[in-house]
There are 2 protein chains.
Amino acid sequence: MSLSLAPPEISPKRRAILDAAAELFMKEGFGPVSMDAVARGAQVSKATLYAHFTGKDALFQEIIEESCQKMQALVPQALANHAQPLEAALAELGAHWLGFLLRPRVRALHRVVVAEGARVPELAQAFYTAGPVTLRGWLLDWLAGEAARGRLQPDAPLPLVAEQFFSLLRGDLFLRATLGLSGPIGEEEVRTLAEAAARAIARLYGAPPA
Amino acid sequence: MSLSLAPPEISPKRRAILDAAAELFMKEGFGPVSMDAVARGAQVSKATLYAHFTGKDALFQEIIEESCQKMQALVPQALANHAQPLEAALAELGAHWLGFLLRPRVRALHRVVVAEGARVPELAQAFYTAGPVTLRGWLLDWLAGEAARGRLQPDAPLPLVAEQFFSLLRGDLFLRATLGLSGPIGEEEVRTLAEAAARAIARLYGAPPA
DNA sequence: GTCTATAAATTGATAGAC
DNA sequence: GTCTATCAATTTATAGAC
């Protein structure tokens with residue numbers, strides 16, 4: 001009697017289809033990928049493909065939803081290090097999250113959702129909720145804790161502070177990465193950007209040094 | 001003997017094709033648009049279409065490049081209002097630019113470039129140069145003027161200041177709009193966001209009130 | 001350059017046997 | 001569920017006449 005949250009009983013063929021399709025969609029986008037290619041990649045016949053999914057759209061939607069779930073699971077929730085000063089803690093947290101956001105897989109997911117979001121709005125909504133909304137929620141909780149502890153004395157609403165931190169964190173690098181213009185991203189580049197964002201937030205809203 | 005910079009002598013049919021294709025690509029993305037649909041929209045035969053463009057990709061590329069040029073022309077360069085205090089000037093400038101960035105056409109252009117950028121890198125590069133790089137360059141010049149005038153005393157490199165202002169300006173709204181999740185965007189929403197960004201930059205790097 | 005008509009390939013999707 | 005074989009529609013692209 002397992003209470004496991006892992007999705008139970010998923011057929012191997014279905015799993016192979018989902019994996020192969022995910023790889024193709026992330027790599028080439030939605031349009032250029034044919035059902036033939038998916039079947040070939042999953043080493044499955046097209047009939048089997050259509051036995052599991054009603055069509056290309058349904059397959060795509062399940063891929064995105066599954067990826068969103070994985071995305072949420074990938075970001076460790078508990079990163080609060082209250083031993084550090086506010087700025088250092090923000091910088092560490094920010095570097096970790098930014099590093100995640102810049103992963104090629106996450107950028108690829110973002111790209112295909114942006115591309116097909118206009119056609120399938122509920123898909124864009126699912127991505128936005130699983131991604132930015134969730135992250136901002138966690139940050140908001142953490143900031144509220146810092147404020148309660150007196151290390152943050154914002155004269156602006158906490159949601160605005162959280163949004164500004166994320167905006168600063170993304171910076172220009174996020175834009176470039178989404179466009180596919182950034183090569184491999186160095187860890188120090190990420191850390192530098194996160195530190196700049198943390199410094200700005202700390203100076204804007206941090207408690208004055210006693 | 002005109003020295004006009006306007007592109008000279010473009011055939012009416014070619015113009016019609018470019019306009020019809022631009023509208024279709026912005027509305028539906030690259031993949032779903034067929035050459036048949038373009039020909040129909042431009043009220044031109046497919047043979048004519050292929051007489052002007054070697055294929056769908058070439059047509060698309062010319063559309064994007066032309067749109068990038070229009071984009072640059074659309075943003076007035078001279079907005080510097082030195083009569084206002086730094087924060088007010090930044091807010092006004094920011095509201096104007098953000099309003100431009102959030103235009104449905106500009107978001108649509110961004111979307112298709114993101115979608116096809118991985119397939120055609122020079123396209124993403126052209127967009128990035130015509131858009132973010134150009135805007136940041138203008139802001140940098142303006143900030144340098146403010147610094148020379150003593151109204152800005154940044155303890156960070158000016159390029160970082162410019163990047164942070166743009167990041168704050170985009171905020172979450174830009175992300176939502178790119179995903180197609182924002183409905184019609186109110187002018188006051190834009191102004192509020194721009195004011196918050198301007199306030200942050202002014203407090204971080206502005207000269208202390210004498 | 002421009003058209004009508006069509007070629008040639010690929011697509012998403014299914015029928016029927018096992 | 002799974003396969004082989006195939007359909008019907010659509011796609012990009014071109015021949016040939018004007």
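Residue numbering restarts at 1 for every chain, and letters A, B, ... go by the order of the sequence lines. Heavy-atom basis, side chains included; hydrogens, waters and symmetry copies ignored.
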Which heavy atom of A:Leu179 sits nearest a heavy atom of A:Arg111, and at what distance? C-NH1, 4.3 Å

Beyond-backbone contact of B:Phe166 with B:Leu169, side-chain heavy atoms, under 4.5 angstrom: yes

Any donor-acceptor pair under 3.5 Å linking the side-chain atoms of A:Gln125 with those of A:Thr129? yes

Here the pair of heavy atoms bringing A:Ala162 nearest to A:Arg136 is CB-CG, 4.0 Å

What residues form a side chain to side chain contact (heavy atoms under 4.5 Å, CB included) with A:Leu49, not counting sequence neighbours? A:Ile17, A:Met35, A:Val38, A:Ala39, A:Phe53, A:Leu59

Would the B:His110 and B:Tyr128 ring centres measure less than 6.0 Å apart? no

Using a cut-off of 6.0 Å, state whether more than 12 heavy atoms not belonging to A:Glu23 lie near its atom CD. no

Of the residues in residues 13-42 of chain A, which ones touch DNA chain C at a heavy-atom distance under 4.0 Å? A:Val33, A:Ser34, A:Met35

May I ask you to list the residues of residues 45-62 of chain A, by number, that have any heavy atom positioned under 4.0 Å from an atom of DNA chain C? A:Lys46, A:Ala47, A:Tyr50, A:Gly55, A:Lys56

